[in-house]
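A quick note: this is a predicted structure, and the numbers were derived from the prediction, not measured.
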Amino acid sequence: MEKEKDPRAYDPATIEPRWQQRWEETGLYHSDIDPARPKHYALTMLPYPSGELHIGHWYAISPSDAQARFMRMRGRNVVFPMGFDAFGLPAENAAIKRNIHPKHWTFANIERMRGQLRRMGTMIDWRREMVSADPAYYRWTQWFFLQFFLNDLAYRKKAAVDWCPSCNTTLAREQVIGDDRRCERCGTPVIRKELAQWFFRTTRYAEELLDFSRIDWPERVQTLQSRWIGRSEGASVVFKTEAGDPIEVFTTRPDTIWGATFLVIAPEHPLVASLTSPDRKEEVEAYVATATRQTDLQREAADKEKTGVFTGGYVVNPADGDRIPVWVADYVLMSYGTGAIMAVPAHDERDFDFARRFGLEIRPVILPEGASPVTGDRMTEAATDLGAMFDSGPLTGTPAGEAFDRTVAWLEEKGAGKRTVSFRLRDWLISRQRYWGAPIPIVYCPEHGPVPVPEDQLPILLPDDVEWLPTGESPLKLHATWKHTTCPTCGGPAERETDTMDTFMCSSWYHLRYLSPRYDDGPFDPAEYRYWMPVDTYTGGIEHATMHLIYTRFFHKACRDIGVVQGDEPMTKLRNQGIILGEDSEKMSKSRGNVVAPDELVDRYGADTVRAYLMFFARWDLGGPWNSRGIEGTSRWLRRVWSMFTEESEGGTASQEVIDRLRRKLHQTLKQVTRNFEDFSFNTVVAALMELHNEMSQSRTDGAAGTPAWREAQEIYLKMLAPVAPHIAEELWERLGGQGSIHTQPWPEVDEKAAAAEEITLVVQVNGKLRDRVTVPVGIDDDEARRLALESEGARKFVEGKEVKQVIVVPGRLVNIVVR
RNA sequence: GCGAAAGUGGCGGAAUUGGUAUACGCGCUAGACUUAGGAUCUAGUCCCGAGAGAUCGGGUUGGGGGUUCGAGUCCCCUCUUUCGCACCA
């Protein structure tokens, strides 16, 4: 069944490798500083070298590449770099499973993925590649850690941290996902562990991170980040224990303070022991022990009935001097606010539930508008709406709108409280008890405590000879010699920090290393920074909204304040692609067997077809299920384009009308494609090119081939096709006799005159319903349009015998006749 | 529970942002070419009704209401799906 190959047929398997090689040889995609041209930094999120590129990588990268190519043709000096986020757990897991060194596994994967990226036909400048696991890179990751340490942005603290028992490491808060608090990577429910760990002070930037006014990021990402940061305005109020110890609480409703009938503190609160009376000691300790042992999953289940225990201690409400009991309950979290709340059951649902359960007093002090007064024992639910204050001492009668401000002012005057803002965001835990990461450049000296490793001793290299089986301790700790060193301060014996850094630390600054990956005097060459930064367009998945995309913004702002970088934001414009699902509309996974392998598709259709189909098959920001039949249509289109450009055709006999129609469609398409590329609306780019191809085919049938207009259409067509399908466009450009590479051609200019129609179809409506269409000259005046509409046959049938009340003329579009 | 996004033919989707709904592609139907077709080409293809026919009428953007000369688009209510957060004081 072997079929004879037609030598004239479109054969991507031949032309694609040929052009890839030629582009590489000529350095077509090298981008260097050029002060004469406006720069454009196009960045797409770097892949993790997991083995090979899957279709999701192609979906993220190839449209981003097309957009970058478009910007280049529009006259920008575009840099489109690529690298590998090469540290991380999968390398260790693979190493354990296959008994190969994580380094070998990782770098073999990188080699393979580089080849795939080349095969994709990307405009990557490979001279700028960075690999985060390369000592030349992580030397500077460690350097950044030192800058943070020296500027009080990194600190070590013993705290209850999230621990993944499967990955055997701590996780940042952001890496714990879902209602059942699972590990972001492996899905195992996390547990709590008390450990001394390194943190970055991300919370110091909480307020600034909420400001998106300088960047063009999707609303969705802004919302996700804002909610993650979780800003609440309120007041901190100090209650005093009978022993005189202050207990600070945070409340968003200071106006309800006269209704506070008890206080609740978290089981981990430092004052639990001192508040507990001897007779309650046993019960309180038992409760605290249980609460601590429980996972957060069990503790934070929202529908769980509230538990708690009375400490036997009391505090004084600073508002009215009332003595109120202190309870311990796990519905109060040590990690938010101050770990203590004033409970106002009348006006807070959680406090209401708790008070009902334990028979505590419910004392209403706010009357929401329209509500009628009730006593506490008759309330069926908390009245959480704002309202006028009553039974509130000197502030009784304060209306809803002023309640908050006046109470805070009153408390401030008394020295009992002040206005504060609380954030949900927590500091970033960066310690990991794993081998395959950048070692934290700290030495512990018995004399001097944690001492930073001097800059000139970086990088702290990872040793190759380790046992990387996870034990819960860092593998570096178990190495015979690695951790033993001397104190940089006193020269005495000391031990290295054996934890490594979260890989999100590596990916927080990779866009800077691309600028000068071999630079030795700093993390990046300042001259390159000045020219290229900030990133103009950043593309990648939305799943990083509250992880990488918060970290990298924090990192940039922190570095700005240290004086390492300039500007307030690292990435000006962000665009997210959606997710490609399997053909069964389920998430792709090996176990489901619904994985689409891009290499097989390239073998069968060629990279250009795969690129074009990925741009065409769905809205880029939404993604959707794969359709293996759909790609045939895109393949067919490129084959037809090939034929249209390569087949000899008679022509030159076309009428002026045919020529005009061709040029109109051509320039209208150019206008649309330009706009769609700017908007990342890739599916309509391809659709428009298909439409224009159809029009050109028709024109050729009508004798347009061989005319100057045909030649113009061919050239513009290829230029518009070039970002989408770079190989076929380049090949056909050469065959057409084009000068140089098509990828360095300027983007064509729209001929507005050609695009404008001489005649338009005027829609005639009667009472808003389409009744006729009339062809009219383009500049027709309203009166004439009205006359033609009223005379049109289609309209007359519906107007006859009725009174014309009104005629609406939308110039160039339609006439609507309103009758009764 | 809170928040966000989406709902358009058999399917993926388009609609210049309030002005011809269903572009483009898949699939399907018929035909041509062919030893053959899961290749290629041509024509057709939202639904209902009438007509031999060209055509003609009616309906249609999850559902219901509203604003407007005119609504897929704006407003209100509602349903469904997806995602994010979830005892955050």
When we call it a touch if two heavy atoms are under 4.0 Å apart, what does [X] touch: a base, just sugar-phosphate, or nothing?
| X | value |
| --- | --- |
| A:Q765 | base |
| A:K769 | sugar-phosphate |
| A:R629 | sugar-phosphate |
| A:I808 | base |
| A:G623 | sugar-phosphate |
| A:R640 | sugar-phosphate |
| A:K797 | sugar-phosphate |
| A:F617 | sugar-phosphate |
| A:N683 | sugar-phosphate |
| A:Y613 | nothing |
| A:N694 | sugar-phosphate |
| A:V818 | sugar-phosphate |
| A:R424 | base |

Both distances below 3.5 Å, Watson-Crick or wobble geometry, any strand: find the nucleotide opposite [N].
| N | result |
| --- | --- |
| B:rA23 | none |
| B:rU29 | B:rA43 |
| B:rC85 | B:rG1 |
| B:rG38 | none |
| B:rU16 | none |

Of the candidates B:rA14, B:rG84, B:rU20, the side chain of A:T684 sits closest to B:rA14
Among the nucleotides B:rG19, B:rG58, B:rU40, whichever has the atom closest to the side chain of A:R636 is B:rU40
Whole-Å distance, A:N576 CG to B:rC83 C1', equals 13 Å
Atom CD of A:E543 and atom C1' of B:rC85 are separated, to the nearest Å, by 17 Å
| said: Distance criterion of 3.5 Å, no angle test: do you see the side chain of A:K805 paired donor-to-acceptor with the base of B:rC69? | reply: no
Intermediate values then yes/no, ring pair (Phe, Tyr, Trp, His ring centres under 6.0 Å), A:F354 and A:F352:
CA-CA 5 Å; A:F354 194 80; A:F352 185 88; over 10 Å; no
Hey, mind stepping through A:S628 and A:E583 against side-chain hydrogen bond (donor to acceptor under 3.5 Å, both in side chains) and telling me if it holds? CA-CA 8 Å; A:S628 55; A:E583 212 149 7; 2.7 Å; yes
Report task. Apply side-chain hydrogen bond (donor to acceptor under 3.5 Å, both in side chains) to A:Q698 and A:R661, showing your working. Result -> CA-CA 10 Å; A:Q698 186 58 52; A:R661 201 181 60 218; over 6 Å; no
